[in-house]
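Worksheet for the structure shown next.
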Amino acid sequence: MRISRITGVILILLFANITSAVAQDTWSLQRCVDYALQNNLQVKQQVVQKRLAELTLQQSRLNLIPGLNGSMNGGYTDGRSPSPQTNTYVNQSYFSSNASLNMQGSIFNWFSKANTIAANRFDVESNSFLLEKARNDLAFNVATAFLQILLNNEQVKVNEVQVKLTSSNLENTKKLVIAGSVPESNQADLEAQLASDSTSLVTAQNNVILSILQMKAYLNLGFDIPFQPDIPENIFSLPMARLDEMAPEMVYSAAQTNYPLVKSDELKIQSATKAYKATRAQMYPSLGINGAMYTTYANNFFTLAGKPIPFNDQVSNNLQKQIGLGLSIPIFGGWQARTATSKAKVNIYSQQLVRDLDNQKLKQDIYTAHANAVAALQKYNASTTGVMAAQKSYDFATKRFNLGLMNTIDYITTQSKLFRAQIDKVSAQYDYIFKMKLLEYYRDQKISL
């Protein structure tokens, strides 16, 4: 591939700064991805969602254990009350207390709890894939932002070269104006061009700042902390799959296996199916077991000899125990159970639609990415041809301008065309990398530079 003079200068400036950049605290792509995975707020949110799903699953399993509750009460009574000895009302004052222990459990409820546990387990697995998706998306976004920083840095260097070339031409023109070889208007034209080139340079420098701010947002890195990218030796020699090996249907087929959202959607459907079965089971009778223990104490309990009965003896003598089975039969509850069952069934269909929509969007995104990659490659090839033509035109124009055979306006126009062609080519190169990496991401669910 032919490298133009301006491209050569850009590469010299680029690699001349590598040594000094390494001496600083530089950020490689891998470091950016690792840091983002640990600190990105959206990933942390998804971690929280997964943890909530795990706690819901844990609670549904604990619901299989019978419930056990205890209570204790105490109080002071004054006035007419039944006498423990005669069971007649007398005026008396006394202190009493009681304690109870109750147990309730389920023996059979048409597998409602088992299906609830299964539904919650599928939710946990679904959230695990959503977390994986969040991490994969973040890695891709970080890689894209990293490439954008490199592109913007290169455009700054192209603009710096343009400013230097215009400044050099301006200095030469000033000498020619003083010597009377060219009119003063040539100097004014170049001064205007230098102002325009300087504005473009400021815009390019600001784009670098904006792209770094975007990267810091992904990293959740303080905006006041310096960020210096670790520039690869040759970004354009990155290993990439060939475009003819990235047919949309092939990429989509691989995505059906690797894409976490596809797996998450399938698990949500299974969860909704289990939830439907759990809700439907509540329309049928359920069998439960219950038990209780109860005892009391009062300081007005006396023996026949008139002595107070001790606390331990009262607790033992008044102890009551019971155990039983309970059959709960739903008869009429405002059709709430039936409505809940119908809604749970509709939710299955809703989750299936979500899956179909996600699959449709995935296929559309892949076909769009492939079409964009084809266009990007064509644009890159066209821009390469454009740079060669603009370079040749600029070389001829320089010779004519130096011989006084071309006016300043025409020369500036030729120079600007080369400058724009160089920027278009650099942009097209990065754009092609972006598009190919996106296809690789859909296919493999990973990104690398």
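In this chain, numbering begins with 1 at the start of the sequence shown.
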Less than 4.5 Å apart, side chain to side chain, heavy atoms only: is that true for [X] and [Y]?
X      : Y      : result
Tyr218 : Gln214 : yes
Gln415 : Leu165 : yes
Ile289 : Ile323 : yes
Phe302 : Lys307 : no
Leu130 : Lys268 : yes
Asn372 : Phe434 : no
Leu138 : Gln42  : no
Lys343 : Thr279 : no

Can you tell me how far the [atom1] atom of [X] sits from the [atom2] atom of [Y], to the nearest 0.5 Å?
X      : Y      : atom1 : atom2 : result
Asn153 : Gln205 : CG    : CD    : 10.0 Å
Leu439 : Thr368 : CG    : OG1   : 10.5 Å
Gln314 : Tyr297 : CD    : OH    : 5.5 Å
Asn39  : Leu219 : CG    : CG    : 8.0 Å

(request) List the steps and the verdict of side-chain hydrogen bond (donor to acceptor under 3.5 Å, both in side chains) for Asn127 and Gln49. (result) CA-CA 7 Å; Asn127 275 277; Gln49 294 301 315; over 6 Å; no
(request) Would you please classify the geometry between the Phe108 ring and the Phe111 ring as parallel, tilted or perpendicular, with 30° and 60° separating the classes? (result) perpendicular
(request) Kindly determine whether Cys32 and Phe146 satisfy side chain to side chain contact (heavy atoms under 4.5 Å, CB included), including the steps that lead there. (result) CA-CA 8 Å; Cys32 291; Phe146 193 85; 4.2 Å; yes
(message) Run Glu249 and Tyr367 through side-chain hydrogen bond (donor to acceptor under 3.5 Å, both in side chains) and show every step you take.
(response) CA-CA 8 Å; Glu249 280 300 326; Tyr367 270 84; 2.6 Å; yes
(request) Determine whether more than 12 heavy atoms belonging to other residues, nucleotides or ligands lie under 6.0 Å from atom OH of Tyr284. (result) no
(message) Heavy-atom count check: over 12 atoms from other residues, nucleotides or ligands less than 6.0 Å from Lys263 NZ?
(response) yes
(message) Between Val354 and Asp265, is the side chain to side chain contact (heavy atoms under 4.5 Å, CB included) condition met? List the steps.
(response) CA-CA 7 Å; Val354 170; Asp265 286 343; 4.1 Å; yes
Go through the side-chain N and O atoms of [X] and [Y] and say whether any donor and acceptor fall under 3.5 Å apart.
X      : Y      : answer
Asp197 : Thr166 : yes
Gln59  : Asn63  : yes
Ser200 : Gln162 : no
Ser427 : Gln155 : yes
Asn290 : Gln104 : no
Asp34  : Gln38  : no
Ser383 : Asp424 : no
Ser71  : Ser100 : yes
Ser60  : Asn120 : yes

(request) Could you please spell out the steps behind the side-chain hydrogen bond (donor to acceptor under 3.5 Å, both in side chains) verdict for Thr295 and Asn318? (result) CA-CA 5 Å; Thr295 188; Asn318 297 329; 5.2 Å; no
(request) List the steps, then state whether ring pair (Phe, Tyr, Trp, His ring centres under 6.0 Å) holds for Tyr76 with Phe95. (result) CA-CA 4 Å; Tyr76 177 78; Phe95 171 82; 7.9 Å; no
(request) Could you give me the CA-CA distance, side-chain angles and deciding distance for Arg61 and Leu57, then say whether side chain to side chain contact (heavy atoms under 4.5 Å, CB included) is met? (result) CA-CA 6 Å; Arg61 286 170 172 166; Leu57 172 61; 3.9 Å; yes
(request) Test Tyr441 against every option in Asn258, Thr144, Asp137 by the side chain to side chain donor-acceptor pair (under 3.5 Å) rule and name the one that passes. (result) Asp137
(message) For Phe227, give me all partners under ring pair (Phe, Tyr, Trp, His ring centres under 6.0 Å), at least two apart in sequence or on another chain.
(response) Trp27
(message) Any carboxylate oxygen within less than 4.0 angstrom of a Lys/Arg side-chain nitrogen, looking at Lys437 and Glu440?
(response) yes
(request) May I ask you to decide whether Glu54 forms a salt bridge with Lys50, counting only side-chain N to carboxylate O separations under 4.0 Å? (result) yes
(request) Determine the minimum heavy-atom distance between Leu362 and Gln256, stating which atoms define it. (result) CD2-NE2, 4.1 Å
(request) Would you verify whether the NZ or CZ of Lys363 falls within 45 degrees of the ring axis of Tyr252 while also being under 6.0 Å from that six-membered ring's centre? (result) yes
(message) side chain to side chain contact (heavy atoms under 4.5 Å, CB included) for Ile117 and Leu64? Distances and angles first, verdict last.
(response) CA-CA 10 Å; Ile117 292 173; Leu64 293 174; 3.6 Å; yes
